[in-house]
J.: 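Sending over a structure as structure tokens; questions will come in a sec.
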Amino acid sequence: MTTTAEPDELAAFGYRQELRRTLGSFSAFAAGFSFVSILTTVFQLFGLGYSFGGTMFFWTWPVVIVGQLFVALNFAELAARYPLAGSVYQWAKHLSRGFPGWLAGWMMLLGCTVALAAAAIALQVVLPSVWSGFQLVGGDPSITSATGATNAVLLGSVLIVCTTAANAAGVRVMARINDLGVAAELVGVVVLIVGLALFAVRGPQVVAAPMSGGAAGAGVLASALMAAYVLYGFDTAASVAEETVDARRSAPRAVLRALLISGIGGLAVILVALMAAPSLTDGRLASEGLPYVISAVFGDALGRIFLADVAVAVVVCTLTIQTGTIRICYAMARDGVLPGAARLAKVHPRTGTPVLPALVSGAVAIGLLLLNLGNSTIFSAITGTSVVVVYLSYLLVTLPLLKSRLRGGFAAQPGLFSLGRWGLPINVAAVLWGLVMIINIAWPRPEVYDTAGTGSLWALLFPLEFLAIATLVGWLCWRTVGSRTEVGGGGGGAGGGGGGGGPPPPPPRARPPPPPPAPGPPPPPPPPPGRGGGAGRRPRAPPPPVAFLPPRGRGRPPPPPPTPRRPRRRTCEHCNHLWSA
């Protein structure tokens, strides 16, 4: 049930409650957990990470968990202060005015759209292993082959159509599917860890063995793409804040739980998979990934059942990524800073969800897949690009937050989640972490962005090209629409009843008071009482109360007739004759 304080809190930011506040704390956690989705992303990128770093790619996970924890702690503070739909966009616009705050939301919107396409093609990693009939185009089902990439586009497009319909049906439908999917995924993760640990053929010291294939430190850095791709999207737990009961307390906890449970669970899955793999040197672990380990350990029948559970996780992950995309699009449109904002911000009266953003995000994601039909580099290129774009949007939040802390404008608020004195060092670490990871993932590696070996510079620089085009298009949109609406602080709104963007930013540091004026001559004495002095003047009587007249027809007297107009006298310009008009 919705508490009476929550609509008042939303009204304090200039918005009215339009989305239905029906999600509990578990549903908020499930939104962030299923966006990360251990089974989906670990199955999707295990082979890629192992091919780059060998068994040493395991150590990229603890590093990424700690780095993302710095970011998540800052996000938890912001989620408690701004329990609004749109998470990253709302936080950025309250921390930095103008184009930088808008750009964070724009980049997150694009990053989630690219991630939606990347998650949908993960079905290709799982479904052909469950049943060969899912390889619709025939040929090699490997996602790095031409036939596998084509089939991935077809399966991914069908999945996005289904998730679009589920999101358009309302938040209740989405939450029920998501809760069931997360429960199934949690059970699957536990079964996978226990089962692989029971059939381990080597000890945990395998992660300290020399890198297979002579992989160098550069390969380990490249393998960080896997962990970086898996461990983002936890902010989605705060993106559904306007639909979460007691969001100021539930959202910060959901953000941190989604990251920590996903990170620790994924770390355990990788460890036991390396311990239970039949061979580390035959090349199958790099080419086939976790499906090879599961089929070899659990057998064909049990392996297919477990892979079916992974397919459910892929579906729920895609559904939640689109949910986060819809909420960011709705939040920006409600502020009137997107083209077609009035239509995008419209909430369907029956389902209580914005339908047009669901249709637009689904269509754009399918368009991205169709543009790469038959492209064998689609998998790694889209994955790396989505990581760069989303990490940039995170940086556009943590960097202005650091500036606000340094100016002393981000003091702790009683009763809300706060980092206290640790806020500044954790914020500095989050900014540095974001810069390092953007440079690392965007580095022009042929193994990631040119797997076909064409040697094309355009392919190697694809993430930077995407960022440049996205920034240029975003600036044009901002000049056309966004610059006319103040983004940050008390920005105006359009469509759907959007009002201001919330309370104004913190005031600047107070200046010291001016010195007292020099003593001057004493003031003149007051005038004597009497008519000329104020002390002896008779006080005026207060004005009579205003009588509010009832509306006409309910006892109100009719207005008096108008005063007849006095005729004007004019002189004819021909004969000087006086006449009245």
Side-chain angles (χ1 to χ4, degrees), residues 36-66 122 125-126 129-130 142-144 185-231 260-310 313 380 447:
V36 177
S37 186
I38 306 171
L39 293 184
T40 299
T41 48
V42 171
F43 268 76
Q44 194 177 14
L45 290 176
F46 185 92
L48 183 70
Y50 185 79
S51 64
F52 286 149
T55 57
M56 294 297 291
F57 93 99
F58 167 85
W59 296 105
T60 62
W61 268 76
V63 175
V64 174
I65 291 174
V66 173
V125 182
V126 181
S129 299
V130 176
S142 175
I143 200 168
T144 57
E185 183 171 0
L186 289 172
V187 172
V189 169
V190 173
V191 171
L192 178 62
I193 294 173
V194 174
L196 293 180
L198 291 177
F199 291 95
V201 296
R202 59 187 64 86
Q205 68 273 11
V206 63
V207 298
M211 289 179 270
S212 60
V220 177
L221 290 176
S223 67
L225 171 62
M226 175 193 177
Y229 175 71
V230 174
L231 297 176
L260 293 176
I261 294 177
S262 300
I264 297 174
L267 191 69
V269 169
I270 293 174
L271 176 61
V272 296
L274 293 174
M275 293 168 55
S279 175
L280 300 177
T281 58
D282 62 356
R284 297 187 64 183
L285 194 57
S287 60
E288 301 178 30
L290 274 184
Y292 155 68
V293 180
I294 290 177
S295 299
V297 172
F298 295 113
D300 187 62
L302 290 178
R304 294 191 181 197
I305 294 175
F306 190 83
L307 290 176
D309 183 67
V310 177
S380 56
E447 301 86 358

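Please read these numbers as outputs of a predicted model, since none were measured by experiment. Only this structure's heavy atoms are used, side chains among them; waters, hydrogens and symmetry mates stay out. Counting from 1, the numbers follow the sequence of the chain as shown.
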J.: Tell me the closest heavy-atom pair linking Ile65 and Ile264, and the distance in Å.
T.: CD1-N, 4.2 Å
J.: Just by distance, do the side chain of Ser223 and the backbone of Ser51 share a donor-acceptor pair under 3.5 Å?
T.: no
J.: Can you check whether Phe58 reaches Leu267 side chain to side chain, under 4.5 Å on heavy atoms?
T.: yes
J.: Backbone N or O of Ala313 within a donor-acceptor pair of the Thr40 side chain at under 3.5 Å?
T.: yes
J.: Rounded to the nearest 0.5 Å, what separates atom CG in Leu186 from atom CD1 in Ile261?
T.: 7.0 Å
J.: Would you mind reporting whether Leu39 and Leu192 have side-chain heavy atoms less than 4.5 Å apart?
T.: yes
J.: With a 4.5 Å limit on heavy-atom distance, are the side chains of Val206 and Leu280 in contact?
T.: yes
J.: Working note: Val269 + Leu290, criterion side chain to side chain contact (heavy atoms under 4.5 Å, CB included); need CA distance, chi angles, decisive distance, verdict.
T.: CA-CA 10 Å; Val269 169; Leu290 274 184; 4.1 Å; yes
J.: Measure centre to centre between the rings of Tyr292 and Phe46, then say whether the value is under 6.0 Å.
T.: no
J.: Without swapping roles, check the side chain of Trp61 against the backbone of Ala268 for a donor-acceptor pair under 3.5 Å.
T.: no
J.: Check whether any side-chain N or O of Glu185 sits under 3.5 Å from a backbone N or O of Ile38 as a donor-acceptor pair, and report yes or no.
T.: yes
J.: Which class fits the ring pair Phe306 and Phe43: parallel under 30°, tilted 30 to 60°, perpendicular over 60°?
T.: tilted
J.: Can you check whether Val207 reaches Met275 side chain to side chain, under 4.5 Å on heavy atoms?
T.: no
J.: Does any non-hydrogen side-chain atom of Leu271 lie less than 4.5 Å from one of Pro204?
T.: yes
J.: Step by step, would you call Leu48 with Tyr229 a side chain to side chain contact (heavy atoms under 4.5 Å, CB included)?
T.: CA-CA 12 Å; Leu48 183 70; Tyr229 175 71; over 6 Å; no
J.: If we only count heavy atoms from C-beta on, is the Phe52 to Phe57 side-chain gap below 4.5 Å?
T.: no
J.: List the steps and the verdict of side chain to side chain contact (heavy atoms under 4.5 Å, CB included) for Asp309 and Val191.
T.: CA-CA 11 Å; Asp309 183 67; Val191 171; over 6 Å; no
J.: Would Leu285 and Leu274 count as a side chain to side chain contact (heavy atoms under 4.5 Å, CB included) here? Give the steps.
T.: CA-CA 9 Å; Leu285 194 57; Leu274 293 174; 4.2 Å; yes
J.: Between the side chain of Arg202 and the main-chain N/O of Ala277, is any donor-acceptor distance below 3.5 Å?
T.: yes
J.: Looking at Ser262 and Val36, what are the two nearest heavy atoms and their distance?
T.: CB-CG1, 3.4 Å
J.: What are the two closest non-hydrogen atoms of Ser129 and Pro291, and how far apart are they?
T.: OG-CB, 4.2 Å
J.: Atom CG in Asp282, atom CD in Glu288: separation rounded to 0.5 Å?
T.: 8.5 Å
